[in-house]
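Okay, so here's the structure we're looking at.
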Number of protein chains: 2
Amino acid sequence: MDLNERKLKILHTIIADFISTGEPVGSRTLSKKYELGISPATIRNEMSDLEEMGFLTHTHTSAGRMPSDKAYRLYVNNFMQKYELPNEEKKEISDKLTGNFVELDETIRHAASLLSEITNLTSFAITPKQDEDILSYIRLIPLDNNSVVLMIVAKSGRVMNNVLKLEVPYTEEKLNILSKALTYDYKGKTICEALEGDIIKNFNTDIIAMQFLAKDIMPNFVRTLERMLDVNLYMDGLTNIFALPEYNDIYKAKSFLEMLNNKDELTKILVNREHGVIITIGDENSADIVPDCSLITATYHVDGKLLGKIGVIGPTRMKYGEVTSVIEYMSENLNDMFKLIGGSKKDD
Amino acid sequence: MDLNERKLKILHTIIADFISTGEPVGSRTLSKKYELGISPATIRNEMSDLEEMGFLTHTHTSAGRMPSDKAYRLYVNNFMQKYELPNEEKKEISDKLTGNFVELDETIRHAASLLSEITNLTSFAITPKQDEDILSYIRLIPLDNNSVVLMIVAKSGRVMNNVLKLEVPYTEEKLNILSKALTYDYKGKTICEALEGDIIKNFNTDIIAMQFLAKDIMPNFVRTLERMLDVNLYMDGLTNIFALPEYNDIYKAKSFLEMLNNKDELTKILVNREHGVIITIGDENSADIVPDCSLITATYHVDGKLLGKIGVIGPTRMKYGEVTSVIEYMSENLNDMFKLIGGSKKDD
DNA sequence: TGTTAGCACTCTACCCAAGTGAGTGCTAAC
DNA sequence: GTTAGCACTCACTTGGGTAGAGTGCTAACA
């Protein structure tokens with residue numbers, strides 16, 4: 001069967017109507033509501049064909065039709081119109097994002113919150129995966145008799161601390177020497193590179209007295225580096241789904257929220273997603289995502305390199321055009337902002 | 001009217017039954033289910049009295065009775081039995097809490113998660129309010145041409161960093177002098193004390209060349225100190241309410257989750273709560289808490305001084321005895337754990 | 001041959017009425 | 001003071017009836 005012009009037009013209209021109302025679309029309503037120039041009977045015939053082709057579904061005989069995942073995919077690929085954000089909305093986004101920037105994490109959380117507010121969907125954002133982040137500074141700073149702060153600074157500007165209890169006595173001088181040795185060894189390496197091989201074994205100092213100290217510190221160093229690789233997941237607008245009729249079913253609402261509760265799984269899904277603006281619809285998603293949901297994500301860069309992601313999750317019936325544009329615009333804004341941090345301006 | 005022995009016994013039985021079933025309790029059921037030695041008619045008379053006294057309520061004439069907030073208060077104050085946790089549960093809590101301790105925040109989050117798992121309620125925990133935390137160390141560390149890490153270490157072991165962009169040129173030596181001057185001025189003060197007065201104006205260096213640098217840095221210093229006063233709120237078990245029949249109503253579930261979404265308000269409520277194990281029932285709570293909910297919180301200490309809180313929120317119909325015991329035991333465990341951190345063992 | 005009007009049929013949603021069951025409140029007897 | 005008995009109340013369930021939106025098929029039309 002051929003997906004001719006008229007079928008496409010009908011399908012497009014059905015999808016658009018269903019996205020805005022959430023109600024199954026019938027042939028009569030369609031012909032009355034839109035100027036298609038054909039009668040309900042003809043629409044019915046075409047609908048029947050479209051159903052056979054897998055673009056429409058049916059809950060029961062006498063109900064209207066709803067778009068399938070396949071239909072949404074067609075819609076996104078072929079019909080979706082790039083939606084130009086109104087200037088005031090653009091301004092609002094820029095303003096609210098740049099407003100009171102303090103720390104990367106805070107900005108990301110803020111962005112997620114803003115995104116859910118604008119789209120009325122559930123938003124999330126993950127902080128950049130730091131595996132490509134370059135170590136620039138390692139320092140051990142005495143705190144009191146038996147504890148020391150291990151500070152690791154990366155080129156992106158992220159600083160990681162760890163308060164260590166040491167068994168072995170130390171002096172400030174010794175710590176300085178060790179700091180310099182560590183910095184010398186690891187400066188310029190990415191965190192991943194630094195973690196390659198057996199760090200603890202490979203790190204040697206010539207001075208015997210310091211070997212014990214190093215032995216005490218190195219496992220903590222490794223652990224802290226590993227923790228730098230963690231990404232944080234922020235979410236907002238969890239309760240937005242209650243405004244959607246499809247989530248009036250308490251069981252569905254519960255499943256949705258429980259899915260979002262599993263942050264580890266969700267983080268994994270987001271990290272593994274491809275770069276750029278990505279839309280995945282219904283069954284295209286991993287099995288851990290509740291049915292009839294779509295995800296839209298975009299990538300942002302820190303320092304032109306590290307990749308974080310920001311996006312939304314909602315019912316397959318979502319305003320793909322608008323939402324995608326907002327997310328895209330937001331990720332561009334984040335890119336611009338994060339060009340400036342990391343201790344290195346653009347010429348670095 | 002007198003709240004005599006028999007009335008108390010009946011009330012107690014009604015409360016216990018309602019807590020476990022969630023269904024309004026009728027006189028006939030009560031007399032059949034429990035060995036009270038009196039007939040349904042007598043129970044009815046007593047129930048009627050108890051209702052008049054404000055301990056029971058009624059949704060409609062032919063429904064059974066439910067305890068009022070006042071009844072729960074009586075129950076908690078007079079009937080609630082200290083529930084001795086079984087040893088295996090105690091062991092589970094201790095094990096899971098001490099397991100892989102890395103950072104205070106992580107432990108707190110973990111505790112909240114464990115608490116919701118055990119109680120099947122929504123749990124939360126706030127990190128300690130740091131206003132009594134004592135500054136022990138301030139340091140400015142050069143990062144590259146135009147940025148510097150400001151590091152503030154407190155006695156509790158909390159370390160705060162901030163990457164600063166400086167307008168004014170600097171040398172490592174100058175930063176060291178400034179670090180020492182700052183440490184000299186603020187070491188031993190609590191964060192609150194440090195923030196008193198106009199820090200920026202009051203901080204002076206003799207060396208003129210450094211005044212510009214100080215001017216550049218001090219506002220950031222203040223901001224970072226202020227951020228150290230923030231408390232973090234962690235929650236878990238948000239979806240646990242879906243297992244409770246009273247939250248089958250989508251509107252109630254929504255209100256509950258929206259309340260929890262307002263983290264700022266919730267944090268304020270928790271911070272302002274009294275110390276020790278506190279139970280607040282229904283209307284005793286602030287207006288920002290959804291109706292028919294009870295909160296149980298306990299305090300934990302870090303370094304014997306800083307106060308954090310951990311607790312649960314759930315329907316007024318909750319197992320007060322068991323839940324209170326679990327929270328109490330957990331807070332004791334946290335106390336024990338946090339005695340050891342902070343760079344100062346108990347004799348400090 | 002494609003399009004359309006007409007019609008029978010289907011299924012959900014809603015309303016209404018009757019019946020059921022758990023519970024109350026009152027009264028009179030013990 | 002306690003209890004049995006009884007009338008009454010109210011939510012909940014069940015079943016029938018109806019309206020409304022929709023489909024699928026067929027026959028007529030352009």
Side-chain angles (χ1 to χ4, degrees), chain A residues 1-11 13-15 17-18 20-68 245-246 248-249, chain B residues 1-11 13-15 17-18 20-68 245-246 248-250 252:
Chain A
M1 214 172 318
D2 191 29
L3 199 56
N4 60 29
E5 193 73 18
R6 193 170 71 182
K7 280 196 174 62
L8 278 175
K9 191 175 171 189
I10 292 173
L11 184 55
T13 314
I14 293 172
I15 296 173
D17 190 80
F18 188 76
S20 73
T21 66
E23 296 292 322
V25 190
S27 56
R28 230 177 95 81
T29 325
L30 204 68
S31 97
K32 259 197 279 185
K33 206 163 159 190
Y34 306 92
E35 304 269 319
L36 292 172
I38 42 177
S39 76
T42 312
I43 294 174
R44 273 206 289 286
N45 289 332
E46 298 288 33
M47 276 175 149
S48 178
D49 289 353
L50 286 166
E51 182 162 0
E52 211 176 304
M53 293 162 86
F55 290 109
L56 296 176
T57 54
H58 226 182
T59 50
H60 57 268
T61 339
S62 69
R65 261 114 172 173
M66 296 176 301
S68 66
E246 41 266 77
N248 273 353
D249 176 6
Chain B
M1 213 173 316
D2 192 28
L3 198 56
N4 60 28
E5 194 73 19
R6 194 171 69 182
K7 279 195 176 57
L8 278 176
K9 191 175 171 189
I10 291 174
L11 184 56
T13 313
I14 292 173
I15 297 173
D17 190 79
F18 187 76
S20 74
T21 67
E23 295 292 321
V25 190
S27 57
R28 230 178 95 80
T29 324
L30 204 68
S31 97
K32 258 197 281 183
K33 204 163 159 189
Y34 305 93
E35 303 269 319
L36 293 171
I38 42 177
S39 77
T42 313
I43 294 174
R44 274 206 288 286
N45 290 332
E46 297 288 33
M47 275 175 152
S48 176
D49 289 354
L50 286 166
E51 182 162 0
E52 210 176 305
M53 294 162 86
F55 291 110
L56 295 177
T57 54
H58 228 181
T59 49
H60 58 267
T61 340
S62 71
R65 260 113 171 173
M66 296 177 301
S68 66
E246 42 265 79
N248 274 352
D249 176 6
I250 194 113
K252 278 190 88 175

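Residue numbering restarts at 1 for every chain, and letters A, B, ... go by the order of the sequence lines.
Along DNA chain D, the nucleotide closest to B/R6 and the one closest to A/M47 are compared, and the more 5′ of them pairs with B/R6. Sequence order on DNA chain C of the closest nucleotides to B/V25 and A/N45 puts A/N45 first from the 5' end.
Protein chain A contacts DNA chain C over a range whose 5' and 3' limits, counting nucleotides with an atom under 4.0 angstrom from a non-hydrogen atom, are C/dT3 to C/dT12.
Remark: B/N4 CG to B/I10 CD1 distance equals 8.5 Å, nearest 0.5 Å. Annotation: the span from A/L50 atom CG to A/T57 atom OG1 amounts to 12.0 Å, rounded to 0.5 Å.
Atom CD in A/E46 sits roughly 18 Å away from atom P in D/dG22 (whole-Å rounding). Taking atom CD1 of A/I38 as the reference point, atom P of D/dA30 lies 19 Å away to the nearest angstrom. For the pair A/K33 NZ and D/dA21 C1', the interatomic distance rounds to 14 Å; values are reported in whole Å. Note: CD (A/E23) to P (D/dA21) measures 12 Å, nearest angstrom.
A donor-acceptor pair is defined here as one N or O able to donate and one able to accept, closer than 3.5 Å; no such pair exists between the side chain of A/T29 and the backbone of A/V25. A donor-acceptor pair under 3.5 Å links the side-chain atoms of A/S68 to the main chain of A/G54, judged by distance alone.
Across all strands, A/A41 comes closer than 4.0 Å to base atoms (heavy-atom distances).
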>> Let me check I have this right: for DNA chain C, each base becomes ., (, ), [, ] or |, based on Watson-Crick or G-U pairs with both distances under 3.5 Å. What is the full string?
In response: ||||||||||||||||||||||||||||||
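Inter-residue side-chain proximity for B/I38 and B/K9 is flagged as unmet; no heavy-atom pair is nearer than 4.5 Å. You'll find the side chain of B/T59 reaches within 4.5 Å of the side chain of B/M66, heavy atoms only. In this structure the side chain of A/S39 reaches within 4.5 angstrom of the side chain of A/T42, judged on heavy atoms. Proximity of A/I14 to A/F55: side-chain heavy atoms (C-beta onward) are nowhere separated by under 4.5 Å.
The two residues B/S27 and B/P40 make their nearest non-hydrogen contact at CB-O, 3.6 Å. Of all heavy-atom pairs between B/P24 and B/F18, the closest is N-CE1, 3.9 Å.
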Give every pair of a protein N or O atom and an N or O atom of nucleotides 8-16 of chain D that lie under 3.5 Å apart, one pair per line with the distance.
from: D/dT9; atom 1: O3'; to: B/T61; atom 2: OG1; distance (Å): 3.4
from: D/dT9; atom 1: O2; to: B/S62; atom 2: OG; distance (Å): 3.1
from: D/dC10; atom 1: OP1; to: B/T61; atom 2: OG1; distance (Å): 3.3
from: D/dC10; atom 1: O4'; to: B/S62; atom 2: OG; distance (Å): 3.2
from: D/dC10; atom 1: O2; to: B/S62; atom 2: OG; distance (Å): 3.0

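Looking at B/R65, B/R44, B/K7 one by one, the single match for salt bridge (Lys or Arg N to Asp or Glu O under 4.0 Å) with B/D49 turns out to be B/K7.
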